[in-house]
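What you see is a predicted model; the values in this text were computed from it and never measured. Each ligand, and each atom within it, is numbered from 1 in the order the structure gives.
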Amino acid sequence: MALIVQKYGGTSVGSVDRIENVAKKVIGYRGQGHDVVVVVSAMSGETDRLIGLAKAIDPRPNPRELDVLISTGEQVTIALLCMALEKHGQPARSYTGAQVRILTDSAFTKARILAIDGENIRSDLAQGRVVVVAGFQGVDEDNNITTLGRGGSDTTGVALAAALKADECQIFTDVDGVYTTDPRIEPRARRLDRITFEEMLEMASLGSKVLQIRSVEFAGKYNVPLRVLSTFQEGNGTLITLEDENMEAALISGIAFSKDEAQITVTGVPDRPGIAFGILGAVSDANIEVDMIVQNIGRDGTTDFTFTVHRNDFERALEIVQGKAVELGAREINGDRKIVKVSLVGVGMRSHAGIASRMFQALAREGINIRMISTSEIKISVVIDEKYLELGVRTLHEAFQLDQAPAA
Ligand code: ADP
Ligand code: ASP
Ligand code: MG
């Protein structure tokens with residue numbers, strides 16, 4: 001007998017029928033003798049709908065009130081799932097984040113979990129109940145409701161699994177595992193049996209939204225066995241694990257991409273110390289995160305400086321830099337929101353040279369211009385025009401033969 005934490009995403013609880021289906025699955029696991037804690041998301045589309053209501057009142061709504069609003073979606077699904085479980089004779093009890101007491105910091109809309117009180121849950125499990133917890137939410141020290149950022153129910157699931165020392169955390173979703181790339185973009189994408197925490201973390205942070213980044217961080221830190229599976233079909237899914245010798249001998253594990261990028265270029269600034277700070281200092285003072293940065297080699301005493309930010313921060317960042325144009329002595333400032341970042345991820349890169357050149361050659365053959373490049377030990381990212389996203393991903397998938405399992 002094991003303790004399993006299962007998280008069901010928005011599509012998996014997207015209708016009353018689907019909630020009943022989840023109840024049946026949970027009862028099936030109980031029938032095998034397992035203790036089950038379930039975390040659910042809001043019904044698909046609900047969080048977006050709630051955000052839309054808030055924005056209809058104020059484009060930049062008060063963050064505390066926004067969290068009060070958007071946490072309601074998950075309160076609906078915990079109650080409905082418990083009703084369905086009870087109807088079929090399975091005792092169950094629902095808890096909001098505050099009721100469990102999932103303590104977070106006070107960063108509304110992007111709060112971090114600090115501590116979880118597992119007492120109620122343990123006592124319910126001991127009495128044979130299934131415990132159903134609202135994902136994506138918590139409460140701060142002053143009892144304000146907080147939310148954990150989009151996709152945050154994954155993190156609730158993993159954090160609960162860590163706190164309860166569960167045997168496994170299972171993320172049930174609308175795909176049957178983690179693929180070499182998003183199967184919606186590349187139908188030839190292949191499901192991975194296993195992927196390392198390190199690679200999954202890179203994939204998530206470079207844009208693969210199948211798991212929220214923080215859930216992977218948590219799982220790695222507390223060594224929670226984490227599995228991604230389909231709600232709608234049987235299978236073993238993908239296990240996210242520590243690296244070991246039996247892993248597939250792949251050079252590249254996957255391709256991540258992000259459409260959430262925008263680029264700002266400052267042209268003709270004097271090439272002297274302090275320019276990078278002059279531009280980026282003001283941007284980071286506004287709490288805007290800068291991703292990639294490129295400064296050209298200076299010519300005639302001037303240089304060009306390009307950086308990327310999240311698309312949501314684009315207007316503000318552009319305004320800030322434009323406001324500094326005179327002070328910086330810049331000739332021109334341009335912005336472009338029609339760019340994307342495509343990244344190759346794989347621990348195999350550590351021991352193999354030539355991956356970057358193969359990547360650049362494949363893109364060049366399709367006439368895809370690379371605007372920016374950034375690398376780390378296990379990833380190479382390029383910024384390209386948005387219109388080339390699908391072509392770029394498919395080209396790289398093909399060039400690195402990701403549709404085929406690597407030879408062992
Ligand atoms: P849920 O609502 O269950 O949390 P999400 O929409 O957050 O589901 O995540 C599942 C989706 O992630 C899939 O439908 C798929 O389109 C997308 N996705 C992106 N990259 C990948 C990948 N590498 N492998 C699998 N799915 C991916
Ligand atoms: N409902 C939240 C969202 O849509 C949290 C989640 O589904 O993980 O982002
Ligand atoms: Mg999700």
Is the shortest N/O to N/O distance between [X] and ligand 2 below 3.5 Å?
| X | result |
| --- | --- |
| Glu74 | yes |
| Ser153 | yes |
| Gly149 | no |

CD1 on Ile252 to CG on Leu396, rounded to 0.5 Å: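 It comes to 9.0 Å.
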Distance in Å, Ile240 CD1 paired with Glu198 CD, rounded so as to fall on 0.5 Å steps: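 Taking CD1 in Ile240 and CD in Glu198, the distance rounds to 14.0 Å.
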Modelled atom types, side-chain donor and acceptor of [X] and [Y], under 3.5 Å:
| X | Y | value |
| --- | --- | --- |
| Thr303 | Asp271 | no |
| Thr146 | Asp67 | no |
| Thr196 | Glu199 | yes |
| Thr96 | Gln75 | no |

Below 4.0 Å, non-hydrogen atoms only: which portion of [X] touches ligand 1? Side chain, backbone, both or neither.
| X | answer |
| --- | --- |
| Lys7 | side chain |
| Val210 | both |
| Ile171 | neither |

Could you tell me the residue and atom name of the protein heavy atom closest to [atom], and the distance to it rounded to 0.1 Å?
| atom | result |
| --- | --- |
| atom 14 (O) of ligand 1 | Arg184 NH2, 2.5 Å |
| atom 25 (C) of ligand 1 | Gly177 O, 3.4 Å |
| atom 2 (O) of ligand 1 | Gly10 N, 3.2 Å |
| atom 3 (C) of ligand 2 | Arg150 NE, 3.4 Å |
| atom 24 (N) of ligand 1 | Tyr179 N, 2.9 Å |
| atom 3 (O) of ligand 1 | Thr173 OG1, 2.7 Å |
| atom 15 (C) of ligand 1 | Asp182 OD1, 3.4 Å |
| atom 13 (C) of ligand 1 | Asp174 OD1, 3.5 Å |

Proximal ligand 2 atoms for Ser41, defined as those under 4.0 Å from one of its heavy atoms: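 Near Ser41, the atoms of ligand 2 are 6 (C), 7 (O), 8 (O).
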Note: [X]-[Y] ion pair, threshold 4.0 Å (strictly below):
| X | Y | answer |
| --- | --- | --- |
| Glu366 | Arg394 | no |
| Asp385 | Arg371 | yes |
| Glu20 | Lys87 | yes |
| Asp140 | Arg64 | no |

N/O separation below 3.5 Å, Thr180 to ligand 1: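 No, since none of the N or O atoms of Thr180 sits under 3.5 Å from an N or O of ligand 1.
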Residue pair Ala54 / Leu66: nearest heavy atoms and the distance that separates them: CB-CD1, 3.6 Å
Side chain, backbone, both or neither: the part of Gln212 lying under 4.0 Å from ligand 2 by heavy atom: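 No part of Gln212 comes within reach of ligand 2.
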Min heavy-atom dist Gly151 to ligand 2 below 4.0 Å: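 Contact present.
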Heavy-atom gap Gly10 to ligand 2 smaller than 4.0 Å: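 In this structure, Gly10 fails to qualify as a contact of ligand 2 - no heavy atom is under 4.0 Å.
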Test item: protein heavy atom less than 4.0 Å from atom 6 (O) of ligand 1: no
Contact atoms of ligand 1, heavy-atom distance to Val178 under 4.0 Å: 24 (N)
Full working for salt bridge (charged side-chain N to carboxylate O under 4.0 Å, His left out) between Asp124 and Arg122: CA-CA 5 Å; Asp124 281 328; Arg122 282 198 198 91; over 6 Å; no
Atom CD of Gln322: over 12 foreign heavy atoms under 6.0 Å: yes
